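Only a predicted model underlies this, so the values are computations on that prediction, with no experimental measurement involved. Just the heavy atoms: all of them, side chains too, but no hydrogens, waters or symmetry mates, feed the values below.
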Amino acid sequence: MDTENSLSAWLELGPDHYVLETEGSLLNTGLVVGSELAMVIDTGCGPRQGREILAAVREKTQLPLVVVNTHAHYDHFFGNAVFADDGVTEFWAHANCAATIEKDGDLQRRFVATNEPEMAAGEGDAVEIVVPNAIVRDQPVLVDLGGITATLFYLGRAHTDGDLLVGTNSTLFVGDLVEQGAHPSFEDSYPEEWADVLRHISALRHRYEHLVPGHGKPASDEFVKTMANTMSTAVRQATQSIRDMPADATKAIPVLPYGPEQSRWFIKRLQETQAEGRAAGGSLASADFGPEKTGFYPS
């Protein structure tokens, strides 16, 4: 079995709440089981992993399923077609996520060539891009699973422009808004707004016994606060460096806490998003980041 795609055992978070982790990427798939429906949160990076996730889900429940995609990065939605083949008709996502999957889903196939060659080639069973059809916008949506209500809600742009959270009476699934075991991925992020969203999550944390990130182990409130404070500090440091050295903003990289590659993306996205926010339409000078990223797409 491919190490990247192999699965851990289910971690039981409490009655009818579970999380399944892939061994390589540490991707978390959530499962909430009601009396009438079960909700699967994120479906993996292609049909191979999607089938493993579905098989694990079916060990827990034979109920009809609904699916949530927390955001539009391939490892969270490329398994959708497997679930569609199993009879799932309801795929939830934020409107921006659904639009990105429809527009750019095929472009992400190249990132799974090693572990999901059929998905990469678009050839074989369950390789279609299944675009979410149950849409959340600015207002929360309640999904009744029978005895358990899942609240799907959006706190604004952050890791992407369409990050969806799923909350129940005991557990908050936050996708890649929070990530354990690796630096955050900034390639299509909104760093300033992301720090604000993390503070909002921290303020909500007391409502939930468990917080499940998109990757890694369940997170404490202290972890979320630290991530928010670190990102806010990085925004201030990078903004000052951009002002002081607009011709070469990459000189800010050594002072940032994210490692060279993600620091470059952090600066690039900070420049882009700050420029977008300028009422007069002015822009900061662009740093030289070299060729566009062609490797692993942000999770």
Side-chain angles (χ1 to χ4, degrees), residues 10-21 27-44 53-54 56-72 76-77 79-80 83-84 86-98 101 130-156 158-160 162-178 197-214 217-221 224:
W10 284 106
L11 172 64
E12 185 170 355
L13 302 174
D16 304 314
H17 289 71
Y18 308 91
V19 62
L20 187 70
E21 184 180 82
L27 170 71
N28 290 325
T29 291
L31 176 65
V32 182
V33 182
S35 61
E36 299 176 8
L37 296 170
M39 176 175 283
V40 176
I41 302 162
D42 290 331
T43 60
I53 292 170
L54 178 60
V57 167
R58 286 308 184 201
E59 291 175 358
K60 288 292 183 186
T61 179
Q62 293 299 315
L63 286 171
L65 304 175
V66 297
V67 164
V68 175
N69 298 137
T70 57
H71 61 288
H76 298 261
F77 73 89
N80 282 3
F83 286 81
D86 192 60
V88 176
T89 60
E90 198 170 292
F91 292 84
W92 288 93
H94 186 266
N96 293 341
C97 170
I101 289 174
V130 175
V131 178
N133 57 3
I135 301 302
V136 179
R137 300 185 191 277
D138 292 336
Q139 296 302 313
V141 171
L142 306 182
V143 180
D144 184 2
L145 304 177
I148 300 175
T149 298
T151 303
L152 314 184
F153 62 103
Y154 178 65
L155 294 177
H159 176 61
T160 69
D163 299 291
L164 194 63
L165 297 89
V166 180
T168 70
N169 60 331
S170 66
T171 304
L172 182 62
F173 298 88
V174 299
D176 288 359
L177 292 170
V178 177
V197 167
L198 287 169
R199 282 188 285 273
H200 198 158
I201 291 172
S202 182
L204 294 172
R205 181 66 176 83
H206 68 282
R207 301 183 184 181
Y208 304 98
E209 184 178 356
H210 306 285
L211 186 148
V212 179
K217 303 299 182 184
S220 66
D221 184 37
V224 177

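Contact record, Ala158 with Leu177: CB-CD2, 3.3 Å, taken as the closest heavy-atom pair. When every heavy atom of Leu13 is checked against every heavy atom of Pro218, the shortest pair comes out as CD2-CG, 4.2 Å. Pro140 approaches Thr151 most closely through the heavy-atom pair CB-CG2, 4.0 Å. Pairing each heavy atom of Ala219 with each of Val178, the nearest pair is CB-CG1, 4.2 Å. Considering every non-hydrogen atom in both Cys97 and Gly162, the closest pair reads CB-O, 3.6 Å. When all heavy atoms are compared, the tightest approach of Gly167 to Leu172 is CA-CD1, 4.0 Å.
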Applying side-chain hydrogen bond (donor to acceptor under 3.5 Å, both in side chains) to Asn80 and Asn69, what does each step give before you reach the verdict? CA-CA 9 Å; Asn80 282 3; Asn69 298 137; 2.8 Å; yes

side-chain hydrogen bond (donor to acceptor under 3.5 Å, both in side chains) assessment of His71 paired with Asp42: CA-CA 9 Å; His71 61 288; Asp42 290 331; 5.3 Å; no

Could you go through Leu165 and Leu152, starting from their C-alpha distance and side-chain angles, then the distance that decides it, and tell me whether this counts as side chain to side chain contact (heavy atoms under 4.5 Å, CB included)? CA-CA 6 Å; Leu165 297 89; Leu152 314 184; over 6 Å; no

Run the side chain to side chain contact (heavy atoms under 4.5 Å, CB included) test on Leu211 and Val224 for me, step by step, so that the C-alpha distance in whole Å, both residues' side-chain angles and the decisive distance to 0.1 Å come before the verdict. CA-CA 10 Å; Leu211 186 148; Val224 177; 4.1 Å; yes

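In this structure, the separation between OG1 on Thr168 and NE2 on His210 is 9.0 Å, given to the nearest 0.5 Å. To the nearest 0.5 Å, atoms CG (Leu11) and NE2 (His17) are separated by 12.5 Å. Note: Leu54 CG to Glu59 CD = 10.5 Å, rounded to the nearest 0.5 Å. Atoms CZ and NE2, from Phe153 and His200 in turn, are 7.5 Å apart once rounded to the nearest 0.5 Å. Here CG of Leu65 is found 6.0 Å from CG of Asp86. Values are rounded to the nearest 0.5 Å. Note that CD1 of Ile135 is 9.5 Å distant from CG of Asn96, once rounded to the nearest 0.5 Å.
A side-chain donor from one of Ser202 and Asp221 sits under 3.5 Å from a side-chain acceptor of the other. Side-chain atoms of Thr43 and His76 form no donor-acceptor pair, as typed in the model, at a separation below 3.5 Å.
Contact annotation: the side chain of Ile41 never approaches that of Asn28 to less than 4.5 Å [non-hydrogen atoms, C-beta and beyond]. Using a 4.5 Å heavy-atom threshold, the side chains of Phe91 and Phe83 count as touching. Side-chain atoms of Met39 and Val68, non-hydrogen and from C-beta on, do get closer than 4.5 Å to each other. Counting heavy atoms from C-beta outward, Asp16 and Ile148 have side chains that approach closer than 4.5 Å. No side-chain heavy atom of Phe173 sits less than 4.5 Å from a side-chain heavy atom of Thr70. Within the 4.5 Å cutoff, the side chain of Val33 has no heavy atoms near those of the Leu145 side chain. Residues Thr149 and Val143 form no side-chain contact, since every pair of their non-hydrogen atoms from C-beta on lies 4.5 Å or further apart. Val136 has its side chain within reach of Trp92: a pair of non-hydrogen atoms, C-beta onward, lies under 4.5 Å apart.
Taking the six-membered ring for Trp and thresholds of 30 and 60 degrees, Trp10 and Tyr18 have ring planes more than 60 degrees apart, a perpendicular arrangement.
Atom NZ of Lys60 sits in a crowded spot, with more than 12 heavy atoms from other residues, nucleotides or ligands closer than 6.0 Å.
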